[in-house]
Amino acid sequence: MHFRPLHDRVVVRRIEAEEKTSGGIIIPDTAREKPQEGEVVAVGPGARDDHGTLLPLSVEPGDHILFGKWSGTEVKIDGENLLIMKESDILGVIEPVAQLKQAA
């Protein structure tokens, strides 16, 4: 099944956090917080302004993002747990260090 979000909605796959601390202690599932980092799977066409002009989204599929702890709605699509959220719930895009050095 292919899912296409509408308007300014974004489909996100959570990126699982480490199961161990830096000291090597294993964190059980019950004590582990849900990750706030994810990968954009699909994006909608964008929102419309007051004049009806389509405003495209700033993120695209494949981007790694940070989002708020309580952001989005959890859904299951093709057996995979995903989040659907508005673009405004995204705090920022995580860019690889190599890309940042090239831009400078």
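A quick note: this is a predicted structure, and the numbers were derived from the prediction, not measured. Both backbone and side-chain heavy atoms feed into the values below; hydrogens, waters and symmetry mates do not.
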Colleague: Looking only at heavy atoms, what is the nearest atom pair of M85 and S71, with distance?
Modeller: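 Taking M85 first and S71 second, the nearest heavy atoms are CE-CB, 4.2 Å.
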
Colleague: Show me, pair by pair, the donor-acceptor contacts under 3.5 angstrom made by side chains of residues 45-53, not counting sequence neighbours?
Modeller:
unit_1 : atom_1 : unit_2 : atom_2 : d
R48    : NH1    : G52    : O      : 2.8
D49    : OD1    : H51    : N      : 3.0
D49    : OD1    : G52    : N      : 3.0
D49    : OD1    : T53    : N      : 2.8

Colleague: Using the rule that two of Ile, Leu, Val, Met, Phe, Trp, Tyr join whenever any of their side-chain heavy atoms come within less than 4.5 Å, decide whether L55 and L57 are in one cluster.
Modeller: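 No.
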
Colleague: Under a 4.5 Å cut-off applied to non-hydrogen side-chain atoms, are V93 and V59 in contact?
Modeller: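 The answer is yes; the side chains approach within 4.5 Å.
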
Colleague: Closer than 3.5 angstrom, by distance alone: can the side chain of E87 be matched with the main-chain N or O of S58 as a donor-acceptor pair?
Modeller: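 Yes; judged by distance alone, with no hydrogens or angles, the pair exists.
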
Colleague: State which residues pass salt bridge (charged side-chain N to carboxylate O under 4.0 Å, His left out) with D63; sequence neighbours excluded, sorted by chain then number.
Modeller: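 Partners of D63 under the salt bridge (charged side-chain N to carboxylate O under 4.0 Å, His left out) test: none.
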
Colleague: Under a single-linkage definition using a 4.5 Å side-chain heavy-atom cutoff for Ile, Leu, Val, Met, Phe, Trp and Tyr, are I94 and I15 assigned to the same hydrophobic cluster?
Modeller: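 No, I94 does not connect to I15 through the hydrophobic network.
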
Colleague: Taking 4.0 angstrom as the limit, do R14 and E74 come out as a salt bridge?
Modeller: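 E74 and R14: salt-bridged.
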
Colleague: Side-chain contact test, heavy atoms from C-beta onward, threshold under 4.5 Å: evaluate it for V12 versus I65 and give yes or no.
Modeller: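 Yes. Closest side-chain heavy atoms under 4.5 Å.
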
Colleague: Assess whether side chain to side chain contact (heavy atoms under 4.5 Å, CB included) is satisfied between F3 and V41, documenting all intermediate values.
Modeller: CA-CA 10 Å; F3 181 82; V41 176; over 6 Å; no

Colleague: Do I90 and L66 sit in one hydrophobic cluster, given that two such residues count as connected whenever their side-chain heavy atoms are within less than 4.5 Å of each other, even indirectly?
Modeller: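 Different clusters.
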
Colleague: Please lay out, stage by stage, how V11 and R9 fare under the test side chain to side chain contact (heavy atoms under 4.5 Å, CB included).
Modeller: CA-CA 7 Å; V11 179; R9 301 252 187 317; over 6 Å; no

